[in-house]
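Have a look at the structure below, then the notes.
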Amino acid sequence: MTLHVTLSPTPRPGLLASVATLAEMEVALSAGADIVDLKNPAEGALGAWAEAPLKAAVARWRAAACVTGLSATVGDQPLDATIILAAARRTAATGVPLVKIGFPLPTDGAAQALDPVLDALRPLARETRLIAVLFADQDPDLSAVSQFAEAGFHGVMLDTADKAAGGLLAHLAVQRLAGFVTAARAAGLLTGLAGSLKLEDIAPLAALQPHYLGFRGALCATGRTSSLDPARLARVREDLKGRVAA
Ligand SMILES: O=C[C@H](O)COP(=O)(O)O
């Protein structure tokens with residue numbers, strides 16, 4: 001399958017816009033989002049779309065034959081190889097080209113054991129482009145970037161799990177984010193930053209030169225579970241377009 005996302009040769013990050021419905025997908029396509037991200041914010045940080053609308057979105061995207069990328073989240077799953085693999089397979093089976101998988105910390109306080117999950121996902125990573133999502137508000141091990149690359153992942157991004165606990169920059173200092181972006185890009189991974197980003201976050205984060213910045217809450221009228229507001233989306237789009245090399 002052709003992937004309509006290229007690693008930007010310019011330092012300007014692209015815009016990933018999370019959408020909750022097919023109607024919102026149309027808004028994001030018209031606004032010129034670089035990646036349209038199919039996500040159900042009402043069901044959590046990585047809430048998943050149901051199968052039927054997901055398939056309809058993939059069909060719409062194929063018909064558009066545009067350069068916009070298309071991703072979908074697999075739902076907020078525990079760090080369990082069997083559960084994550086099943087969710088990722090379900091999502092990949094719809095034909096969506098980029099599958100975003102969260103790697104949360106275990107809730108019982110145990111150390112994050114990535115190896116069994118990555119081993120389970122390795123065969124799928126050969127067929128589908130997988131994006132690992134690490135949660136900035138869970139003190140993630142950023143050195144795991146190399147493990148995702150080695151397991152055949154296509155990309156890695158940071159987001160936040162608890163949308164009430166502040167944005168990306170409240171959890172990780174710019175210097176750590178810079179190290180993450182540098183390591184991920186050096187490993188050849190599509191690299192993204194997200195987590196309750198606001199307009200004022202674009203300048204400091206764009207300067208780190210990730211491939212894209214991801215937004216949901218800032219694109220909505222009254223919070224991330226309300227509907228996408230075309231005017232807010234256009235403002236973020238315009239701001240990102242104006243970014244040049246730091
Ligand atoms: O993948 C990006 C997320 O949808 C960002 O959502 P948020 O801006 O509401 O944290």
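Whatever order the structure lists ligands and atoms in, that order sets their numbers, starting from 1. Sequence positions, counted from 1, serve as the residue numbers for this chain.
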Could you tell me the residue and atom name of the protein heavy atom closest to atom 3 (C) of ligand 1, and the distance to it rounded to 0.1 Å? Lys39 NZ, 3.0 Å

Within ligand 1, which atoms have a heavy atom of Ser18 less than 4.0 Å away? 1 (O), 2 (C), 3 (C), 4 (O)

Identify which of Ala20, Ser196, Ala194 has a heavy atom lying nearest to atom 7 (P) of ligand 1. Ser196

Which of the numbered atoms in ligand 1 are below 4.0 angstrom from a heavy atom of Asp37? 1 (O)

Under-4.0 Å salt bridge between Asp119 and Arg122: yes

Any Asp141 side-chain heavy atom under 4.5 Å of Phe103 side chain: no

Result of checking Thr73, Thr91, Asp37 against Lys100 for side chain to side chain donor-acceptor pair (under 3.5 Å): Asp37

Between Asp76 (side chain) and Ala45 (backbone), is there a donor-acceptor pair under 3.5 Å? yes

Tell me: protein heavy atom nearest atom 8 (O) of ligand 1, and distance? Arg216 N, 2.9 Å

Show me which atoms of ligand 1 lie under 4.0 Å from any heavy atom of Phe215. 5 (C), 8 (O)

Counting each atom of ligand 1 from 1 as listed, which ones have a heavy atom of Gly217 under 4.0 Å away? 7 (P), 8 (O), 9 (O)

Any side-chain to backbone donor/acceptor pair from Arg60 onto Leu22? Under 3.5 Å, distance only. no

Against heavy atoms of Lys163, which atoms of ligand 1 measure under 4.0 Å? 6 (O), 7 (P), 10 (O)

Electrostatic pair Arg216:Asp159 at N-O distance under 4.0 angstrom: no

Looking only at protein heavy atoms, identify the closest one to atom 9 (O) of ligand 1 and say how far it is in Å. Arg224 NE, 2.7 Å

Considering only the protein, which heavy-atom contact is closest to atom 1 (O) of ligand 1, and what is its distance? Lys100 NZ, 3.0 Å

Take every heavy atom of Gly195, measure it against each atom of ligand 1, and state whether any distance is under 4.0 Å. yes

Below 4.0 angstrom from a heavy atom of Leu16, which ligand 1 atoms are there? Numbered from 1 as shown, please. 1 (O), 2 (C)

Can you see whether Asp162 engages Gln138 through a side-chain donor-acceptor pair at a distance of less than 3.5 angstrom? no

Got a salt bridge between Asp239 and Arg243, using NZ or NE/NH1/NH2 to carboxylate O under 4.0 Å? yes

